[in-house]
Every structure is written in C-alpha cells, then in structure tokens.
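Below is one structure, written out as structure tokens; comments come after it.
Numbered from 1 within each chain, the chains take letters A, B, ... in sequence-line order. Computed from heavy atoms alone, side chains included, the values below leave out hydrogens, waters and symmetry copies.
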Amino acid sequence: MADLSTDFVGIKSPNPFWLASAPPTDKEYNVRRAFEAGWGGVVWKTLGLDPHVVNVNGPRYGVIHGADRRVLGLNNIELITDRPLETNLREIKTIKRDFPDRAMIVSLMVPCEEWAWKEILPKVEETGADAIELNFGCPHGMSERGMGSAVGQVPDYIEMVTRWCKQNTRMPVLVKLTPNITDIRYPARAAHRGGADAVSLINTISSITSVNLDTFSPEPSIDGKGSHGGYCGPAVKPIALNMVAEIARDPETRGLPISGIGGITTWRDAAEFMALGSGSVQVCTAAMTYGFGIIKELTAGLSRWMDEQGHERLSDVVGRAVPNVTDWQYLNLNYVTKAQIDQDLCIKCGRCYAACEDTSHQAIAIKEGRVFEVIDAECVACNLCVDVCPVEDCITMRVLEPGELDERTGRKVAAEYANWTTHPNNPSSQAAE
Amino acid sequence: MANTPLTPGIAPSRLSAEDLARNFGDLHPPLDGHEAAVAADRCYFCYDAPCIAACPTEIDIPLFIRQIQADQPAAAAKTIFDQNILGGMCARVCPTETLCEEACVREAAEGEPVQIGRLQRYATDTMMAAGEHPFTRAAATGKRVAVVGAGPAGLACAHRLAMRGHDVVIYEAKPKPGGLNEYGIASYKTVEGFAQREVDWLLQIGGIEIRYEQALGRDVTLDALRDGHDAVFLGIGLPGAYGLDDAGHDGVRPAVEFIAELRQADDLSALAVGRRVVVVGGGMTAIDAAVQSKGLGADEVTVVYRRGKGRMPASAWEQDLAASRGVRFIHNAQPVATHGNGTVREIEFAYTEEDGPNLRPTGETFRLAADQVLLAIGQWLDEAPEGLERDGTTLSTQGAGRTSLDGVWAGGDCTHRGEDLTVTAVAQGRDAAEDIHATLMGEG
Ligand SMILES: Cc1cc2nc3c(=O)[nH]c(=O)nc-3n(C[C@H](O)[C@H](O)[C@H](O)COP(=O)(O)OP(=O)(O)OC[C@H]3O[C@@H](n4cnc5c(N)ncnc54)[C@H](O)[C@@H]3O)c2cc1C
Ligand SMILES: Cc1cc2nc3c(=O)[nH]c(=O)nc-3n(C[C@H](O)[C@H](O)[C@H](O)COP(=O)(O)O)c2cc1C
Ligand code: SF4
C-alpha cells in the first residue's frame with residue numbers, strides 16, 4: 001500500500017487532502033465531521049479582525065450546470081468568516097487538541113498594516129495550529145476594502161506582508177495566490193522573496209456566472225443586482241494546473257512548495273496537481289457539492305493508482321511532470337502524427353467530418369454508406385476530430401515513423417528533434433545565421 | 001364490480017376503475033423539463049443525421065433537440081411543426097423504433113437511441129399547452145380546395161393549403177375529425193382527448209371549414225367537388241375491413257370496429273369484452289386490439305398470426321409491449337373456421353409453412369376456445385370514388401399524390417404508397433398540398 005502520509009513544510013497530515021479555506025472549514029462542527037470522515041487537514045475559513053464582516057442575506061452562490069445538473073463551476077460572493085475571532089480561535093484550539101495528527105492551517109486576512117498582523121499572529125499561534133495561510137486571493141468584497149486580491153495583485157505588498165508574518169511567528173507561512181493577474185509568477189516570486197514557506201493556489205477567479213434574461217440581473221441576484229464573485233470547481237482546473245506548473249518551473253521559484261487548489265474533484269485531478277509540483281492539495285467545491293464522503297474515493301483512488309504505478313510515497317510523484325512542461329518554441333516539429341479512424345468503433349455520427357470540414361483542414365472524407373476516412377495529405381494532426389468524437393479511442397493519433405512520408409508536406413519524417421528556434425521561417429533563427 | 005376476468009362469455013366491468021385507469025393510462029408519460037434536458041444532451045448533432053432521413057416527414061431532429069438543449073422547447077416545436085403539423089400526435093404514435101430512433105447512431109452504438117419521440121412530445125406539448133400556433137396564412141389566393149377526410153392526411157393537406165392562402169373545405173363522413181387518430185390509435189397512446197385538442201389547435205390557422213357527416217359517394221359526388229373547387233384532395237383512409245369467409249358467428253367482428261367503440265367510450269367499464277379473446281392478424285391493429293382487450297379484463301388473449309414472428313408487421317417493440325401485458329402469441333397459423341352454436345365458442349386454425357412469399361397449410365389444425373374473435377387482417381378501400389384508377393385495393397397516384405383524374409390528388413392510407421402510418425399520411429398530405437399550391441399558382 002502506497003504511503004499517503006504528507007509532510008508539507010513541516011505540516012504533517014495522514015494524507016495530502018486538505019479542505020480549502022471556505023464554508024466546509026468555517027466551524028468546529030464541520031471540521032470535526034470532516035476529520036472523522038478522513039480528511040488529512042483543513043485550512044480554516046479565513047479569519048479577520050473584529051468586528052467581523054457580514055455576508056449578504058440573499059443567495060451567495062451562482063452555478064454552471066451540465067445537462068444533468070452536474071456542477072461544473074461555482075461562483076460565490078461570500079466574504080471571510082462572519083463569526084467573532086474569539087469563537088473561531090477557541091474552536092480551532094479544541095479541534096487541534098482532539099485531532100493532533102491532522103493538519104490545521106489557519107487562513108488570515110487583516111488590513112495591510114503591520115500592527116494588525118502583530119495582533120492576530122500570537123492569538124493563532126496560541127491555538128496550536130500548524131501553519132497560517134495568507135489569503136491574498138478573494139476577488140470580491142474584501143478586495144474593495146484593500147484586502148484579499150487587492151493585496152494579491154501587488155507583488156510588493158505580498159512580499160511586505162509575508163515578511164511581517166515571517167518575522168512575527170514561528171509558524172510556517174503559506175501565501176495563497178489570486179489567479180486574477182496576468183502572470184502568476186510575479187506574485188509567487190514576491191511571496192518567495194518575502195520568505196514564504198509555500199504558496200497555495202488558486203483562489204477563485206473573478207466571474208459573473210450568468211445573467212437573468214427576464215430581470216437583466218447578474219446571478220446570483222440580490223434584490224435585482226449582482227456583483228462579480230469568485231469562480232471555482234471543475235471548470236477552473238485547467239487554469240489552476242497551468243498556474244501551478246508556471247510556478248513549479250520558474251527558475252526563480254523552482255522548489256518552492258506548492259499546495260495545489262482549483263477544481264480538484266477526483267483522485268485523478270489531485271494526482272495531476274501533484275505531478276505538476278503540488279505537495280498537498282486542497283478541495284472546496286467538490287466537498288461542497290458531494291459532502292465529506294468523497295475523501296474515501298480520493299484517498300483510495302490515489303493509493304490504488306500509486307500501487308499500480310509502483311510509486312511508494314508522495315515524493316515519488318510530486319513534480320514528476322514538471323520537466324515535461326516547456327515553452328512552445330521547444331516542441332519537436334519533427335513529431336508528425338495523423339488522425340486515424342477505427343471503422344469498427346465508428347458509429348457514423350459524422351461529427352469529425354463536420355468539425356474538420358467546417359473548421360479545420362478538410363481532411364476527412366465522407367464515403368458511400370457514411371464511411372469517414374482521414375485524408376493523410378490534408379491532415380495537420382490538430383486533434384479536433386479526436387476531441388469531438390463521442391466514442392472513446394475511435395479516432396486516435398498515429399505517430400509517423402522516422403523516414404515515413406508525410407503526405408501533406410511531401411517530406412519524409414526526420415528522426416532528429418527540431419524546434420522553432422532553428423526553423424527557417426523563424427526570423428530570429430535566420431538572423432542568427 | 002359485478003364481473004371478473006373469469007366471468008364466461010362477453011361481459012362488461014371485469015376490472016375495477018383503478019385497474020382500468022392504469023391499463024389505459026399514458027403509455028409513455030411525458031418528460032419533465034429536467035428529464036428532457038438530460039435526454040436531449042445525449043444527441044450528438046450528427047452531420048447529415050440519419051434520423052432525419054428515417055422520418056417520413058423529415059423533421060430536422062438534431063436542430064429541434066439542440067433547441068431543447070438551449071432551453072427553448074417552443075422553438076423546437078416550431079422546427080417540428082414546420083415539417084409535420086401533427087408532430088404532437090406523431091410523437092405519441094410513431095413506431096419510432098422502426099423510424100428515427102432505429103436510425104439513431106446511439107442505437108447502433110449502445111442499443112439505446114436518443115429518445116426522439118419523447119423529446120418531440122416534450123417540445124410540441126409545451127407549445128400547444130401555451131396555446132401558441134406558430135403559423136399565419138399567406139395573402140388570400142382566392143382559390144378553394146376540397147379535402148375529403150379529416151384524418152392525418154387530410155388535416156396535414158388542409159393546414160398547408162390554408163397556410164399558402166387557399167380556402168379549404170373538409171368533407172368528413174364521421175361526426176368528429178381526426179380519422180384513425182380519433183377512432184383507431186390505441187387509447188393509451190393518445191390519452192385525455194388529445195386527438196380533438198390537436199385538431200382544434202391545428203384549425204387555429206384559419207381558412208379551414210369542416211363539414212361533418214358529409215361522405216363522398218353518399219352525400220357529395222366527386223364531380224360536384226371538382227366543379228365547386230379548384231382542386232380536390234382525397235384522404236379517406238381505408239374504411240373497409242376484411243372479414244373471414246366463414247364468420248357467421250356472433251362474437252366475431254373486425255378489430256377496428258371494437259377499437260373505434262373503445263375509443264369513443266366515455267366509461268370503459270361499460271365496454272364488454274370476452275373472457276377468452278382471439279385476435280387474428282399481426283399488425284398494429286392486432287396488437288392494439290389484444291392489449292386493449294387485456295386491459296379491459298379479458299382473462300386470456302391470444303394473437304394468432306399466419307407467418308413467423310420475424311414477419312409480423314407490428315414492430316418488435318409493440319410485440320414486447322403486448323407480451324408484457326400478458327398477451328400470448330401463436331405464429332404460423334391461419335384461421336379455417338369458427339365453431340359454436342350461434343355464438344362463437346372456438347376458432348380453428350391450420351398451421352402454415354412459409355415458402356418464400358407463399359404460405360402452405362401443413363395439414364395440422366388446432367382449435368382455441370374463444371368467446372370473442374377480433375379480426376385484424378387488413379383494411380381496404382371498399383369502393384373507390386367514381387372514375388379513379390386503383391392499384392389493387394388502393395388508389396394509384398403519381399408524383400406528390402396526383403390521381404388519374406385531373407385536379408384530384410390523394411394521400412395517406414387510401415393510396416398505395418408508403419407504410420400505413422400516421423406520419424406517412426401527414427407527409428403525403430403536406431406534399432400534395434405543396435403540389436396543389438404550385439399547380440394552382442401556375443408553377444407546377
Ligand atoms: C387500430 C389501428 C392502430 C394504429 N396504430 C398506429 C400507430 O400506433 N402509429 C401509427 O403511425 N399508425 C397507426 N395506425 C395507422 C394510422 O392510423 C393510419 O395510417 C393513418 O391514420 C392514416 O391516415 P389517413 O388520413 O390516410 O386515414 P384515416 O386516419 O383513416 O382518415 C380517413 C378519414 O377519412 C374519412 N372518410 C373515409 N371515407 C370517407 C368518405 N367517403 N367521405 C368522407 N370522409 C371519409 C374517415 O372518416 C376519416 O376521418 C393504426 C391504424 C389502426 C387501424
Ligand atoms: C463559498 C466559498 C467561500 C470561500 N471562502 C474563502 C475564504 O474565506 N478564504 C480563502 O482563502 N478562500 C476561500 N474560497 C476559495 C477556496 O478556498 C478555493 O481556493 C477555491 O474554491 C478553489 O478550489 P475548488 O475549485 O476546489 O473549489 C472560498 C470558496 C468558496 C466556494
Ligand atoms: S486531426 Fe485535425 S486536420 Fe486531421 S483529420 Fe482530425 S480534425 Fe482534420
């Protein structure tokens with residue numbers, strides 16, 4: 001059995017699955033039940049200074065559904081904890097005492113002034129919590145007050161606040177990054193410079209989920225008005241994965257521990273985040289959709305996959321995919337593939353034909369009896385037909401062997417690797433000659 | 001409840017009101033909005049979709065399903081009605097398992113087609129419930145067309161003609177419109193008076209007058225119709241039902257008659273049905289007669305068909321439905337005689353062997369006890385309107401339903417073309433209307 005125990009910047013947990021700072025972690029009752037269900041740790045719902053904030057009293061979530069009302073994306077306009085600081089601290093202490101083997105990270109968001117951090121840090125330390133997470137992420141409500149993503153979007157502030165925290169506590173400091181920024185590496189570098197032990201990402205993405213076409217109010221609607229919220233859930237996973245990878249492979253932040261967040265729904269999502277460099281993962285929407293019980297699938301799934309692959313511990317997996325993330329100009333242009341359609345599996349829907357004919361390269365022929373065939377001389381291997389085909393493995397990409405003729409270019413496939421940097425069409429490569 | 005399924009002879013009220021209500025309830029209850037969204041999501045929006053070609057009215061099925069996906073069932077309904085003004089009825093009665101759904105690529109892939117029929121019902125029901133009629137008439141042409149028969153063929157023809165700006169008079173022999181939609185189709189396929197509601201909805205287009213109890217050949221002549229109108233369309237179905245040579249016993253009757261009586265009954269418990277019912281035939285009429293006899297409380301119902309199971313005109317799905325309701329099937333046997341003393345008590349069959357298209361009695365016979373024998377061995381055009389050429393027992397036509405007489409078109413069951421289905425009748429009525437329109441406007 002694979003060993004799922006996690007040591008993330010000194011924070012220990014029996015498995016790498018933590019509940020992200022959000023409603024699932026906002027009080028003792030929830031967290032106790034989460035730990036009983038098997039979650040490895042929690043990042044407590046973000047604390048602030050008293051007087052505590054208030055939330056709206058109408059709907060705070062919006063949603064994007066699939067046809068069967070599967071939750072694909074969730075949007076919220078909730079703020080940080082709306083309970084008194086003392087109440088939260090007392091409960092954190094109780095829980096940490098009752099579940100000493102679980103990770104207890106406390107998320108914090110206070111004004112961007114050193115006194116505020118100096119005030120709150122000792123109180124958190126006193127609970128016995130394992131670490132703090134600086135919430136520089138929330139895109140709504142708090143940012144208008146100069147907190148959350150308002151700080152997270154200014155690398156200098158990140159660096160400054162991180163440094164204050166490092167100076168004022170012995171607890172490890174995780175910096176939670178907002179994705180609402182053009183290049184995630186800048187805030188990550190700032191956190192690194194400020195001495196962060198790790199970064200966690202992503203927080204939610206600024207969003208409007210939908211507009212009610214009867215009332216013309218954005219959803220969720222509060223008395224006919226809506227405000228941008230934060231988007232999360234399965235829909236944001238690709239964005240989060242890319243941001244995690246960018247930080248993992250950036251020379252300036254390489255090796256900086258990452259707690260991966262964003263759309264993690266099954267063990268597979270978690271494994272992918274880990275492969276791209278996440279030493280722990282955090283889950284919010286999946287728990288909010290299905291409840292705490294999913295932890296059994298997450299842990300069993302990750303463990304089974306590791307066993308099947310012969311990975312004994314998490315360190316065998318974490319970061320394994322990072323070296324394979326590269327820049328476009330280094331991709332091998334001599335890697336030539338062609339789509340091929342398995343006629344036995346084909347159900348003759350013709351979606352590949354419509355897609356290729358109307359929007360790609362007119363490389364699929366429709367023959368007598370709805371037989372669809374790839375025209376190798378036209379196929380640019382874009383993969384669109386594979387993506388739209390409803391039958392798994394019906395259309396696949398065949399890799400041409402070196403020496404084989406690419407009928408489209410009329411050239412033989414070269415064995416050696418060649419990329420854009422040396423391509424004759426690249427003005428800078430010619431300039432170098 | 002005076003009687004039970006075991007009461008001898010032909011008797012009413014064999015079942016309780018609840019059992020009757022269950023047996024004659026909606027066969028496919030309508031999808032609700034969520035079910036429709038899930039069902040619609042399965043459609044692949046195929047290129048040049050095979051389901052379209054498999055529909056006799058060629059409804060753009062992927063388009064209407066996409067419109068359901070996009071949360072506009074009324075827009076979907078418009079797509080359906082553009083091609084098939086009786087799309088509501090067809091959604092209920094089409095043997096989709098041999099039409100669109102048979103062609104669905106997911107049928108090939110998984111044996112589980114997209115539920116096209118039920119989605120069609122969802123869309124059309126939505127628009128009809130809202131009372132919306134999506135068509136208006138073109139500017140009046142001043143032309144008058146006579147349509148004979150208010151069945152699917154006649155109604156589809158009339159609607160399209162009215163839409164093109166012509167004035168239409170329908171001559172209908174019966175006191176109600178709808179043809180077999182009203183008098184034939186199994187009641188569990190079209191519950192709650194849908195046939196009449198649909199006609200009322202269809203007539204909202206305007207410009208269509210129906211004259212009831214006006215039979216061609218009895219009350220009006222074809223000559224008179226031709227004189228008084230610019231064109232005539234015949235959609236008279238097949239009013240005659242075949243009988244047995246030796247069927248002089250009480251309790252033996254055409255299945256269509258039994259069904260028509262059932263469809264018109266206000267109180268099903270008042271309808272009498274045999275304890276042992278034998279249905280002769282293998283088409284939809286046979287199945288419907290059998291299932292509904294069983295539904296009324298007959299104890300034993302047997303369908304006897306002269307050829308093998310695979311040759312039955314009723315679809316496998318229909319056969320399974322009957323079997324699931326407790327109907328027994330005997331194949332390869334044809335009726336020889338009925339026996340009894342005034343009232344039928346037994347019916348005798350000869351086993352048959354198939355030799356290509358021919359049938360040969362094997363020489364072996366058997367008898368089934370029967371209080372009631374329902375004959376479902378085909379309908380025919382007992383007498384063709386004067387001067388029209390026939391093709392066997394139906395009218396011969398060319399192109400979009402042109403008969404041998406100038407200015408007279410025909411469509412639906414009364415012609416030799418296509419399968420005898422509601423949807424085929426609609427397609428032929430519609431196409432004839434377009435041909436009539438083109439002819440009258442000097443384009444044809
Ligand atoms: C029992 C039974 C069950 C069936 N079940 C199905 C089913 O589930 N699905 C399916 O698709 N099809 C089914 N069919 C077939 C379908 O009902 C017919 O194919 C369809 O109704 C044909 O339409 P039509 O307009 O040609 O004829 P009809 O529906 O027969 O309409 C003809 C109309 O003309 C009128 N008429 C006849 N003679 C005259 C006259 N001389 N003067 C004036 N009016 C006249 C009639 O009263 C009638 O109103 C079934 C048929 C039967 C008998
Ligand atoms: C209702 C809601 C409230 C949240 N509140 C906080 C919060 O107080 N502090 C915080 O750091 N992140 C908060 N988040 C963001 C989550 O912790 C997490 O980063 C985000 O939802 C992405 O993960 P997911 O796709 O698994 O949901 C909140 C998310 C939701 C849905
Ligand atoms: S890979 Fe792209 S170009 Fe090639 S057949 Fe498929 S859709 Fe067409």
Side-chain angles (χ1 to χ4, degrees), chain A residues 62-73 209-215 219 234-235 339 341-375 384-395, chain B residues 31-55 58-76 97 99-116 118-120 122-123 126 130:
Chain A
V63 70
I64 298 293
H65 278 139
D68 206 0
R69 286 184 77 81
R70 177 178 277 267
V71 172
L72 302 178
T209 38
S210 57
V211 176
N212 183 315
L213 292 179
D214 295 323
T215 62
E219 300 282 6
I341 301 174
D342 183 333
Q343 298 300 338
D344 292 335
L345 289 177
C346 177
I347 61 170
K348 305 191 188 302
C349 68
R351 277 168 71 158
C352 58
Y353 177 80
C356 190
E357 187 69 12
D358 292 357
T359 71
S360 288
H361 295 81
Q362 297 75 48
I364 294 182
I366 172 165
K367 303 219 164 131
E368 190 57 31
R370 294 180 74 79
V371 174
F372 297 93
E373 278 174 12
V374 176
I375 306 164
L384 184 64
C385 54
V386 176
D387 295 338
V388 302
C389 177
V391 181
E392 213 169 330
D393 293 334
C394 173
I395 311 184
Chain B
L31 298 174
D32 67 23
H34 176 71
E35 290 169 322
V38 175
D41 192 51
R42 295 188 68 239
C43 174
Y44 288 147
F45 203 77
C46 294
Y47 174 80
D48 193 11
C51 53
I52 302 177
C55 168
E58 299 193 40
I59 293 170
D60 191 340
I61 294 163
L63 175 61
F64 96 67
I65 294 181
R66 189 176 158 83
Q67 289 170 312
I68 293 175
Q69 290 171 1
D71 203 19
Q72 281 191 325
E97 62 279 4
L99 300 169
C100 52
E101 291 181 16
E102 182 179 53
C104 177
V105 300
R106 299 201 76 156
E107 169 63 25
E110 307 150 52
E112 192 64 56
V114 174
Q115 296 186 55
I116 300 170
R118 294 184 81 188
L119 286 166
Q120 179 168 323
Y122 171 72
T126 304

Report the residues that fulfil side chain to side chain contact (heavy atoms under 4.5 Å, CB included) with B:Pro113, sequence neighbours left out, ordered by chain and then residue number. B:Glu101, B:Cys104, B:Glu107

Contact residues of residues 341-350 of chain A (partner chain B; heavy-atom separation under 4.5 angstrom): A:Ile347, A:Lys348, A:Cys349, A:Gly350

Measuring from A:Arg351:CZ to B:Phe45:CZ, what's the distance to the nearest 0.5 Å? 10.0 Å

Measure the OH-CD1 distance between B:Tyr47 and A:Ile364 for me, rounded to the nearest 0.5 Å. 12.0 Å

Restricting to side chain to side chain donor-acceptor pair (under 3.5 Å), what partner residues turn up for A:His65, sequence neighbours left out? none

Residues of residues 34-44 of chain B under 4.5 Å from chain A (heavy atom pairs)? B:His34, B:Ala37, B:Val38, B:Asp41, B:Tyr44

For A:Arg370, is it the side chain, the backbone, both or neither that has a heavy atom under 4.5 Å from a heavy atom of chain B? side chain

Taking atom CD as the centre, does A:Glu219 end up with more than 12 heavy-atom neighbours from other residues, nucleotides or ligands that are less than 6.0 angstrom away? yes

